[in-house]
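Remarks on the structure that follows.
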Amino acid sequence: MAYRRRQSTRSSIIAVVSTVIVVAGVIIIITSTPGWPRVRETFFDPQRALEALPAVALGLWLNIRVMLVCGVLIAVFGLTLAVLRTLRGPVFFPVRAFVAGYTDLFRGLPLLLVIFLLGFGVPALNLRGLPDSPLVWGGAALVLTYTAYVAEVFRSGIESVHPSQRAAARSLGLSYAQSLRFVVLPQATRRVVPPLLNDLVSLQKDSGLIAVLGVIDAIRAAQIETATDFNFTPYVVAGALFVFLTIPLTRITDWVARRQGWYGGLTGPAL
């Protein structure tokens, strides 16, 4: 144990020293370039960052709300499609074919294209009873696209449960629906938590794409702030806020993945 502690301390010291050397070297190289003063003035102006922070943070709050609402809908719809895709029997072939076509379609279409089609195309139809808010249709595009990915994640989890689990549940008198609900889905959901959290991280970042529809989120707010003086520091502020929001989700994902053995035999903290 003493040897392991010494080795751990030695490794930590080496990691810290090497990191400091690399970071210092990168900073020296960047700041010694001829164009650094102009870049610092245009992208890293502290005063301009403080001025743009309230508007960008308010826009980020909209991104967070979009992520939370869309995340719940994606989880519900994705699990529903995964269950439908795994239904057995020839009578359910049309259902399985529809779900397979849906996932193939929306996993093949770029998300930005789906946002354009729904955000600009559907309101142009002037259909009664449908909202014309770009925020609604931008969120719908996120839900439609991410549901296809999440459905496949859930399906992989369902199919990873050994058939003996279903057989044991049926032998105890549980119906197909009961065995799916009480035996298969709890195990499948637990196994796919890490990839689902990764999808949540991606959703948090992609929620900024709704800015192309004119929604004033963090990115659109940064664009408005930049248009006043053509200083790009607000974009850096928006990027920093997204990073600060993403890093905790990423660390939680890594922690859950290590607990479930996704990263093999890692015994210590890892980045």
Side-chain angles (χ1 to χ4, degrees), residues 1-61 63-64 67 110-112 194-209 211-212 217-271:
M1 292 179 62
Y3 172 76
R4 290 182 177 179
R5 285 196 296 267
R6 289 196 300 270
Q7 289 296 106
S8 178
T9 302
R10 178 175 175 272
S11 299
S12 299
I13 294 175
I14 294 176
V16 171
V17 172
S18 62
T19 302
V20 170
I21 292 175
V22 171
V23 172
V26 171
I27 293 176
I28 292 174
I29 292 174
I30 293 177
T31 55
S32 60
T33 56
W36 168 246
R38 180 59 178 170
V39 171
R40 181 180 56 188
E41 178 184 354
T42 306
F43 289 90
F44 302 100
D45 186 350
Q47 182 64 31
R48 192 68 187 91
L50 292 176
E51 295 174 356
L53 180 60
V56 177
L58 183 61
L60 183 68
W61 172 235
N63 290 112
I64 295 175
M67 177 193 69
L111 174 57
L112 189 60
L196 289 179
L197 289 176
N198 279 326
D199 286 335
L200 182 62
V201 173
S202 298
L203 176 64
Q204 183 266 320
K205 295 183 296 182
D206 286 343
S207 64
L209 293 177
V212 299
D217 68 333
I219 298 177
R220 182 63 173 171
Q223 184 181 20
I224 294 174
E225 291 290 329
T226 300
T228 59
D229 55 4
F230 296 98
N231 187 294
F232 296 98
T233 302
Y235 282 121
V236 178
V237 173
L241 292 179
F242 272 106
V243 170
F244 291 152
L245 185 62
T246 302
I247 287 178
L249 293 176
T250 306
R251 296 284 77 83
I252 292 174
T253 302
D254 293 342
W255 177 76
V256 173
R258 284 195 297 270
R259 288 199 57 177
Q260 297 190 7
W262 276 69
Y263 294 158
L266 293 179
T267 57
L271 293 179

Arg38 meets the salt bridge (Lys or Arg N to Asp or Glu O under 4.0 Å) criterion, sequence neighbours left out, with Glu41

Those residues at least two apart in sequence (or on a different chain) that pass salt bridge (Lys or Arg N to Asp or Glu O under 4.0 Å) with Arg220 are none

- After noting the C-alpha distance and the side-chain angles of Leu53 and Leu241, does the key distance pass the side-chain contact (heavy atoms from CB on, under 4.5 Å) rule? CA-CA 9 Å; Leu53 180 60; Leu241 292 179; 4.2 Å; yes

Table please: side-chain donor-acceptor pairs of residues 16-30 below 3.5 Å, with sequence neighbours left out.
residue	atom	partner	partner atom	Å
Ser18	OG	Ile14	O	2.9
Ser18	OG	Ala15	O	2.9
Thr19	OG1	Ala15	O	2.7

Test of understanding: with side chain to side chain donor-acceptor pair (under 3.5 Å), list the residues that count as partners of [X], not counting sequence neighbours.
{"X": "Ser202", "answer": "none"}
{"X": "Asp206", "answer": "Tyr146"}
{"X": "Asp199", "answer": "none"}
{"X": "Thr228", "answer": "Arg48"}

Heavy atoms of Ala211 and Ile219 approach each other most closely as CB-CB, 4.2 Å

Straight-line distance of [X] [atom1] to [Y] [atom2], nearest 0.5 Å:
{"X": "Thr9", "Y": "Arg4", "atom1": "OG1", "atom2": "CZ", "answer": "14.0 Å"}
{"X": "Leu197", "Y": "Trp255", "atom1": "CG", "atom2": "CH2", "answer": "10.5 Å"}
{"X": "Asp229", "Y": "Thr42", "atom1": "CG", "atom2": "OG1", "answer": "10.0 Å"}
{"X": "Arg40", "Y": "Thr31", "atom1": "CZ", "atom2": "OG1", "answer": "9.0 Å"}

- Item | Exam field: side chain Thr226 to backbone Ala222, donor-acceptor pair closer than 3.5 Å | yes

Would you confirm whether Asn63, through its side chain, and Ser207, through its main-chain N or O, come within 3.5 Å as a donor-acceptor pair? yes

Residues 232-244 vs side chain to side chain donor-acceptor pair (under 3.5 Å), sequence neighbours excluded, gives Asn231-Thr233

In Ile247, Thr246, Ile252, the residue satisfying side chain to side chain contact (heavy atoms under 4.5 Å, CB included) with Thr250 is Thr246

Sorted by chain and residue number, the side chain to side chain contact (heavy atoms under 4.5 Å, CB included) partners of Tyr3 (sequence neighbours excluded) come out as Arg6, Gln7

Those residues at least two apart in sequence (or on a different chain) that pass side chain to side chain contact (heavy atoms under 4.5 Å, CB included) with Leu50 are none

In short, salt bridge (Lys or Arg N to Asp or Glu O under 4.0 Å) pairs touching residues 235-246 with sequence neighbours left out are none

Is there a side-chain contact (heavy atoms from CB on, under 4.5 Å) between Trp36 and Phe44? Walk through the geometry before answering.
CA-CA 10 Å; Trp36 168 246; Phe44 302 100; 4.2 Å; yes

Sorted by chain and residue number, the ring pair (Phe, Tyr, Trp, His ring centres under 6.0 Å) partners of Phe242 (sequence neighbours excluded) come out as none

| Evaluation steps, side-chain contact (heavy atoms from CB on, under 4.5 Å), between Leu60 and Asp217 | CA-CA 6 Å; Leu60 183 68; Asp217 68 333; over 6 Å; no

